[in-house]
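Take a look at the structure below.
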Amino acid sequence: SVVDADMSAVIAHREKEKRKFDRRFNVSKKKGVKLTFTAYFVQAAVKAIQAVPEVNSRWHENELEVYDDSNIGIATALDDGLIVPVVQKAQKLDLFKTASVLQDLTTRAREGKLKPDEVQSGTFTITNHGVSGSLIATPIINQPQSAILGIGKLEKRVIVVEKNGKDTTEIKPMVYVTLTIDHRVLDGFKANQFLKKFVETIERWK
């Protein structure tokens with residue numbers, strides 16, 4: 001399933017908050033925490049998982065195992081391939097802690113310093129393929145998970161909006177968002193429910 005999302009609210013929030021984040025120290029690194037869009041995507045995914053728990057699951061022949069914890073893997077590109085460090089129990093983290101954990105994991109991933117357990121136990125994966133210029137993709141599910149979220153390139157697009165009963169156009173920062181699913185677990189209706197909640201969280205960020 002493919003939808004698009006207006007990033008205006010997230011961008012405004014990030015501009016307001018990132019100076020605060022720069023002044024708040026990452027205990028392990030003793031430096032400011034970088035507030036990335038990925039931190040927002042993780043938090044929005046947690047909200048969407050709470051709305052559609054089946055997304056955060058594993059298929060078995062006789063049953064569906066739905067996980068209590070949202071252990072969200074973040075696909076991270078390296079010079080020689082791809083690695084997926086996991087944000088453990090993301091549902092218990094606020095935006096600052098999410099950003100801090102992401103910064104630590106992705107930095108150590110690129111330095112080859114991740115521990116084995118930091119790339120294990122993932123229950124759902126996000127891949128921000130847009131950082132390399134891709135607009136839309138259908139990422140491959142990170143088995144044995146049931147779904148993977150793809151985020152495309154952030155770009156300004158002309159969007160038709162209705163104001164005072166009349167159509168007009170505005171330029172907005174938009175991204176395409178895709179959800180690839182295991183159809184044994186989810187159908188299109190459930191996938192669209194997840195994406196609706198994800199996009200609502202992004203577009204109504206305060």
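Please read all numbers here as calculations on a predicted model, not as lab measurements.
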To the nearest 0.5 Å, atom CG of Asp69 lies from atom NZ of Lys92 at 6.0 Å
Does some side-chain heavy atom of Ile11 sit less than 4.5 Å from a side-chain heavy atom of Arg14?
-> no
Pairwise side-chain contact, Val2 with Leu195, heavy-atom cut-off 4.5 Å (strictly under): no
When rounded to the nearest 0.5 Å, the distance separating CG of Leu102 from OG1 of Thr38 is 6.5 Å
Requested in this report: Applying side chain to side chain contact (heavy atoms under 4.5 Å, CB included), run through Ile49 and Gln91 and close with a yes or a no.
Outcome: CA-CA 9 Å; Ile49 286 169; Gln91 79 279 5; over 6 Å; no
Backbone N or O of Asp94 within a donor-acceptor pair of the Thr98 side chain at under 3.5 Å? yes
When you compare the side chain of Val161 with that of Lys172, does any pair of heavy atoms fall below 4.5 Å? yes
query = Same hydrophobic cluster for Val119 and Val86, using side-chain heavy-atom links shorter than 4.5 Å among ILVMFWY?
reply = no
Q. Just by modelled atom types, is the Asp104 backbone N or O under 3.5 Å from a matching donor or acceptor in the Thr107 side chain?
A. no
Scanning both residues in full, the closest heavy-atom pair of Gly165 with Glu162 reads CA-OE2, 3.6 Å
dist Glu65:CD -> His60:NE2 (nearest 0.5 Å) comes out at 4.0 Å
| query | What's the verdict on side chain to side chain contact (heavy atoms under 4.5 Å, CB included) for Tyr40 and Met7, showing C-alpha distance, side-chain angles and the deciding distance? | reply | CA-CA 10 Å; Tyr40 290 93; Met7 292 285 288; over 6 Å; no
Using the rule that two of Ile, Leu, Val, Met, Phe, Trp, Tyr join whenever any of their side-chain heavy atoms come within less than 4.5 Å, decide whether Tyr176 and Val3 are in one cluster. no
Count I, L, V, M, F, W, Y as connected when their side-chain heavy atoms are under 4.5 Å apart, and connections chain through other members. Are Leu179 and Val84 then in the same cluster? no
Tightest non-hydrogen contact, residues Ala99 and Leu35, listed as CB-CD1, 4.3 Å
Q. So, Thr76 versus Thr106: side-chain donor-acceptor pair below 3.5 Å or not?
A. no
Contacts of Phe37 meeting ring-ring contact (aromatic ring centres under 6.0 Å, His included) (sequence neighbours excluded), chain-then-number -> none
| field | Carboxylate-amine/guanidinium proximity below 4.0 Å for Asp182 and Arg184 | value | yes
Requested in this report: Give a yes or no on this: more than 12 heavy atoms of other residues, nucleotides or ligands lie within 6.0 Å of atom CG of Asp68.
Outcome: no
CZ of Arg110 to CZ of Arg108, rounded to nearest 0.5 Å, is 13.0 Å
hydrophobic_cluster_shared for Val46 and Leu149, side chain cutoff 4.5 Å
yes
Determine whether more than 12 heavy atoms belonging to other residues, nucleotides or ligands lie under 6.0 Å from atom CG of Leu135. yes
Sorted by chain and number, sequence neighbours left out, side-chain contact (heavy atoms from CB on, under 4.5 Å) with Ser121 holds for Asn71, Gln88
* Take Lys197 and Val52 through the test side chain to side chain contact (heavy atoms under 4.5 Å, CB included) and record every step on the way to the result. => CA-CA 9 Å; Lys197 183 64 176 180; Val52 187; over 6 Å; no
State, with a plain yes or no, whether a side-chain heavy atom of Gln50 is found less than 4.5 Å away from one of Lys47.
-> yes
dist Ser100:OG -> Leu105:CG (nearest 0.5 Å) comes out at 9.5 Å
For this session: Decide yes or no for Ser1 and Thr178: does some side-chain heavy atom of the first lie under 4.5 Å from some side-chain heavy atom of the second?
Result: no
Polar side-chain atom of Gln103 near backbone of Lys34 as donor-acceptor pair, under 3.5 Å:
yes
### Message
I'd like to know if Trp59 and Val66 are part of one continuous hydrophobic network [Ile/Leu/Val/Met/Phe/Trp/Tyr, side-chain heavy atoms within less than 4.5 Å].
### Response
yes
Between Ser57 and Leu64, the two heavy atoms sitting closest are OG-CD1, 3.5 Å
*pair Ile151-Val177: side-chain heavy atoms closer than 4.5 Å*: yes
Between Pro139 and Thr180, the two heavy atoms sitting closest are O-OG1, 3.0 Å
In this structure, NZ of Lys196 is separated from CZ of Phe189 (nearest 0.5 Å) by 8.5 Å
Heavy-atom nearest pair, Asp6 first then Met174, reads CA-SD, 3.5 Å
Tracing side-chain contacts under 4.5 Å among Ile, Leu, Val, Met, Phe, Trp and Tyr outward from Ile141 reaches Ile148
Minimal heavy-atom distance between Lys18 and Glu15, with the atoms involved, is NZ-OE2, 3.2 Å
Fill in: Sub-4.5 Å side-chain heavy-atom contact between Glu17 and Leu95
no
Would you find more than 12 non-hydrogen atoms of other residues, nucleotides or ligands less than 6.0 Å from Ile171 atom CD1? no
**Message:** For a 4.5 angstrom cut-off between non-hydrogen side-chain atoms, does Ile159 reach Glu170?
**Reply:** no
In Phe194, Phe41, Tyr67, the residue satisfying ring-ring contact (aromatic ring centres under 6.0 Å, His included) with Phe124 is Phe194
